[in-house]
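Working notes, beginning with the structure itself.
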Amino acid sequence: MINLTPAAVKAVQRFIRGSETPVAGLRLMISGGGCSGLQYGMKLEAEKAEDDWEVEVDGVKLLVDPMTMPMIDNVTVDFVDTLTHTGFKFDNPNASAHCSCGSSFSV
């Protein structure tokens with residue numbers, strides 16, 4: 001299960017409305033990098049891949065590949081907008097360590 005806070009839902013819906021191309025969903029992904037070894041990624045997708053998990057949260061379709069899903073199961077995605085930081089923040093109970101900026105982690 002993946003959780004989106006109301007602020008994250010609102011932000012994603014705003015990005016989808018502003019997209020110039022049709023959107024099948026929001027892809028959540030993990031890739032190598034960042035100061036803790038793995039980093040989160042997000043992008044609007046025009047098409048769902050055949051092996052994607054499709055999860056709908058408060059009207060937002062999330063697309064997750066099979067390699068990423070176990071690493072972000074039970075993650076909560078929030079959207080913060082402060083004087084010092086604007087963007088998505090991940091709270092991942094599967095992470096054994098994470099960097100101070102919150103954009104990378106290790107398992």
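Because only heavy atoms are used, hydrogens play no part in the values below, and waters and symmetry mates are left out as well, while side chains stay in.
Going from atom CG of Leu38 over to atom CG of Asn92 covers 10.0 Å, rounded to the nearest 0.5 Å. Distance check: Leu63 CG to Leu26 CG gives 7.5 Å after rounding to the nearest 0.5 Å.
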Could you check Val55 against Leu28 for side-chain contact (heavy atoms from CB on, under 4.5 Å), going step by step and ending with a plain yes or no? CA-CA 11 Å; Val55 180; Leu28 298 178; over 6 Å; no

Should Tyr40 and Val77 be marked as a side-chain contact (heavy atoms from CB on, under 4.5 Å) after you check the CA-CA gap, both sets of side-chain angles, and the distance that decides it? CA-CA 11 Å; Tyr40 301 103; Val77 182; over 6 Å; no

side-chain contact (heavy atoms from CB on, under 4.5 Å) between Val75 and Asn3, worked out: CA-CA 6 Å; Val75 73; Asn3 303 294; over 6 Å; no

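Of all non-hydrogen atoms in Lys48 and Ala24, the two that sit nearest each other are N-CB, 4.0 Å. Nearest approach of Ile72 to Asn94, heavy atoms of both residues: C-ND2, 3.9 Å.
Among the candidates Glu54, Glu47, Glu56, the single residue satisfying the salt bridge (Lys or Arg N to Asp or Glu O under 4.0 Å) test with Lys61 is Glu54.
Residue pairs that meet the salt bridge (charged side-chain N to carboxylate O under 4.0 Å, His left out) test with at least one member in residues 17-30, sequence neighbours left out, are Arg27-Glu45, Arg27-Asp52. For residues 63-88, there are no salt bridge (charged side-chain N to carboxylate O under 4.0 Å, His left out) pairs, not counting sequence neighbours.
There is no path of hydrophobic side-chain contacts, each under 4.5 Å, that joins Val80 to Val60. Note: the hydrophobic cluster containing Phe90 also contains Val57 (ILVMFWY, side chain heavy atoms under 4.5 Å, direct or indirect links). The cluster map of Ile, Leu, Val, Met, Phe, Trp and Tyr, joined by side-chain heavy atoms under 4.5 Å apart, puts Leu44 and Val9 in the same cluster. Both Val23 and Leu62 belong to a single network of hydrophobic side chains, linked directly or stepwise wherever heavy atoms of I, L, V, M, F, W or Y lie under 4.5 Å apart.
Residues Thr86 and Phe79 have side chains in contact (heavy-atom distance under 4.5 Å, counting atoms from C-beta outward). Using a 4.5 Å cut-off on side-chain heavy atoms (C-beta onward), Ile2 and Met69 make contact.
Using cut-offs of 30° and 60° on the angle between ring planes, the pair Phe88 and Phe15 is tilted.
Within 6.0 Å of NZ on Lys10 lie no more than 12 heavy atoms contributed by other residues, nucleotides or ligands.
For the pair Asp58 (side chain) and Pro6 (backbone), a donor-acceptor distance under 3.5 Å is absent.
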